[in-house]
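Here's the structure we're looking at; comments come further down.
Everything quoted here is computed from the prediction, not taken from an experiment.
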Amino acid sequence: MLLLTMCAGMFLVQLDVTVVNVALPSVGTDLGASLAALQWVVDGYAVVLAALLLTGGALGDVFGHRRVVLAGFALFGAASAACGLAGTAPWLVAARAGQGLGAALLLPGTLAVITNAYPGHAERARALGIWAGVSALALSAGPVLGGAVVAAAGWRPVFWLNVPVVLAAAVATRRLVPRGERGPGRVDVAGIATAAPALGAGVYAIIGGSAVAGVLAVVLLGAFLVVEHRSAHPMLPLDTARRTSGANFVAAAMNFVGIGTILVLTLYLQGVRHAGPLEAGLEVLPLFLPLSVLAPVAGRLVGRFGPRPLMVAGLALGASGMLNLVLVNENSGYAALLPTLLGLGIGMGLLTTAVVTAAVGGIPAERAGVASGINNTARQAGGALGVAVLGAGDLHDTGLIAGALWLVAIGVTLAGVRAPPDNPVARAG
């Protein structure tokens with residue numbers, strides 16, 4: 001039940017990444033919103049979420065993840081209600097930013113609670129497999145669920161539906177998650193003050209193509225690293241960052257390819273093959289179904305063999321599927337896309353759980369929140385960059401860039417990813 005509760009929190013966070021997209025035309029008509037305002041309805045959530053994920057994880061390590069998750073539920077629920085009541089576009093954008101703040105507390109906290117609740121490597125890997133499967137299901141369910149709700153009742157219930165789920169999950173969290181003690185460290189105010197704007201500026205630079213924001217992000221990131229090096233209680237211990245750097249590079253590459261490719265394929269199916277929104281959604285099911293189904297299975301395999309073999313296998317399958325896009329053109333039938341859809345879906349199904357396990361599995365419990373925050377930040381930034389880079393090209397460009405990146409990720413995995421220390425079978429391999 002604890003696992004189900006944490007998955008419910010993560011499901012809401014991931015669902016709201018995509019569920020709003022199909023509601024935007026109705027929002028624009030109802031609120032008289034401009035195209036720029038509608039873009040910020042999406043990006044306001046994404047930028048705040050990415051900017052504060054690391055902070056949310058660090059606060060959980062200091063104050064206890066139960067407290068921070070409950071605060072995240074409260075903020076996310078209140079902001080969801082505010083979205084449903086929005087009378088103007090600025091109101092809705094501000095409420096979406098509030099959702100992003102709540103989500104930034106929730107997402108690393110759910111993963112940290114699961115990590116601490118399942119101390120054994122095998123059982124933790126299985127739990128993370130279920131968490132990863134639900135995450136994939138949330139992303140794929142967003143457009144379908146959002147489209148059904150908007151068609152039946154308009155755009156406001158898209159947000160109102162979050163409220164009862166949040167209430168139920170918050171009650172279950174209070175009952176099921178142990179209180180826990182405060183962590184040994186203190187709040188790193190200087191670290192938060194530099195990390196949050198650095199990450200926010202970086203994601204905004206990716207989404208908006210702003211060179212000024214990119215320069216600001218680099219400057220603030222440098223300041224953050226200096227602060228962390230000198231801090232007695234850093235929010236990001238540099239040894240934790242080094243130990244997980246390989247896994248988090250692969251996590252960023254995974255979302256770069258996965259989320260960016262989904263956008264490109266959706267545009268191709270609707271713009272070139274003239275499929276309707278529902279038809280296009282159904283045609284990408286060969287990607288989403290293996291991803292959702294295989295993630296829990298991969299958790300069992302990771303528990304036995306460690307993350308590295310699953311990461312290599314998933315990256316190899318995904319890379320081969322992406323390189324298949326080089327052979328697809330406007331005259332190709334739908335069957336020509338199946339190797340890409342299946343290769344990427346099966347590859348990510350094997351890869352997702354393994355990446356998360358490699359990033360958080362061997363980290364001490366008192367740093368689980370930071371490790372989760374780093375991993376989720378890498379995934380969010382990778383996805384945003386993938387949309388910006390791959391969305392600007394065609395199928396051939398996508399296939400070459402994505403295939404090459406995942407081949408590089410195989411090398412990073414072989415060189416820099418190790419099994420968690422309590423798995424002697426995997427470590428020996």
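In terms of modelled atom types and a separation under 3.5 Å, the side chain of Trp91 and the main chain of Cys83 share no donor-acceptor contact. The backbone N or O of Leu128 lies less than 3.5 Å from no partner atom in the side chain of Tyr118, so there is not a single donor-acceptor pair. A side-chain donor-acceptor contact under 3.5 Å links Thr261 to the backbone of Val257. In this structure a side-chain-to-backbone donor-acceptor pair under 3.5 Å is missing from Asn255 to Gly383. In this structure, the side chain of Thr357 does not engage the main chain of Ala125 through any donor-acceptor pair within 3.5 Å. A donor-acceptor contact shorter than 3.5 Å links the side chain of Ser320 to the backbone of Leu317. Looking at His65, its side chain never comes within 3.5 Å of a backbone N or O of Asn116 through a donor-acceptor pair. Under the 3.5 Å distance criterion, the side-chain polar atoms of Thr352 are left unmatched by any main-chain donor or acceptor of Gly349. With hydrogens and angles disregarded, no donor-acceptor distance shorter than 3.5 Å links the side chain of Asn375 to the backbone of Ala371. No donor-acceptor distance shorter than 3.5 angstrom exists from the side chain of Ser80 to the backbone of Val163, with no hydrogens or angles considered.
How far CE of Met348 is from CZ of Phe288: 8.5 Å, rounded to the nearest 0.5 Å. Taking CE of Met254 as the reference point, atom CG of Leu351 lies at 5.5 Å (rounded to 0.5 Å). Separating the CG atom in Leu101 from the CZ atom in Phe76 is a distance of 11.0 Å, to the nearest 0.5 Å. Rounded to the nearest 0.5 Å, atoms CG (Leu350) and CG (Leu310) are 5.5 Å apart. Between atom CZ of residue Phe249 and atom CZ of residue Phe256 there is a gap of 10.0 Å, rounded to the nearest 0.5 Å. Going from atom CG of Leu3 over to atom CH2 of Trp131 covers 11.0 Å, rounded to the nearest 0.5 Å.
Side-chain contact between Leu325 and Asp397 is absent, with no heavy atoms from C-beta onward closer than 4.5 Å. Within the 4.5 Å cutoff, the side chain of Pro286 has heavy atoms near those of the Leu338 side chain. Side-chain contact between Thr88 and Leu31: absent, with no pair of heavy atoms (C-beta onward) separated by less than 4.5 Å. Side-chain contact check for Leu53 versus Leu199: every heavy-atom pair is 4.5 Å or farther apart. Arg273 is not listed as a side-chain neighbour of Glu330, based on a closest heavy-atom distance of 4.5 Å or more. Between Asp43 and Arg96 the shortest side-chain heavy-atom distance does not fall below 4.5 Å. Taking 4.5 Å as the limit, some side-chain heavy atom of Leu265 sits within range of a side-chain heavy atom of Leu395. For the pair Arg66/Pro178, no side-chain contact is recorded, criterion being any heavy-atom separation below 4.5 Å from C-beta on.
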Check against side chain to side chain contact (heavy atoms under 4.5 Å, CB included), Val68 and Phe73
CA-CA 9 Å; Val68 174; Phe73 275 128; over 6 Å; no
Would Leu105 and Val69 count as a side chain to side chain contact (heavy atoms under 4.5 Å, CB included) here? Give the steps.
CA-CA 6 Å; Leu105 300 178; Val69 166; over 6 Å; no
Assess the residue pair Met6 and Thr173 against the criterion (side chain to side chain contact (heavy atoms under 4.5 Å, CB included)); give the C-alpha distance rounded to whole Å, side-chain angles, the decisive distance to 0.1 Å, and a yes or no.
CA-CA 8 Å; Met6 293 301 99; Thr173 298; 3.5 Å; yes
Let's go through Leu75 and Gln99 carefully: what are the C-alpha distance in whole Å and the side-chain angles of both, what is the deciding distance for side chain to side chain contact (heavy atoms under 4.5 Å, CB included) to 0.1 Å, and is it a yes or a no?
CA-CA 7 Å; Leu75 284 169; Gln99 280 190 307; over 6 Å; no
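Between Pro290 and Leu285, the shortest heavy-atom contact is CD-O, 3.9 Å. Of all the heavy atoms in Pro197 and Ile192, the pair that sits closest is CD-O, 3.8 Å. The two atoms that bring Ala409 and Val250 nearest to each other are O-CG2, 4.0 Å, heavy atoms only. Between Thr5 and Ala169 the shortest heavy-atom distance is CG2-O, 3.5 Å. Val355 and Ala247 make their closest contact through CG1-O, 3.7 Å (heavy atoms, listed as atom of the first residue, atom of the second, distance). Taking each heavy atom of Val360 and Thr115 in turn, the nearest pair found is CG2-OG1, 3.8 Å.
Note on residues 151-161: pairs passing salt bridge (Lys or Arg N to Asp or Glu O under 4.0 Å), not counting sequence neighbours, are Asp30-Arg156.
No side-chain donor from either of Thr398 and Asp394 sits under 3.5 Å from a side-chain acceptor of the other.
For the side chain to side chain contact (heavy atoms under 4.5 Å, CB included) with Leu390, the qualifying choice from Ile259, Ile401, Ile262 is Ile401, the only one to do so.
Partners of Tyr204 under the ring pair (Phe, Tyr, Trp, His ring centres under 6.0 Å) rule, at least two apart in sequence or in another chain, are Trp40.
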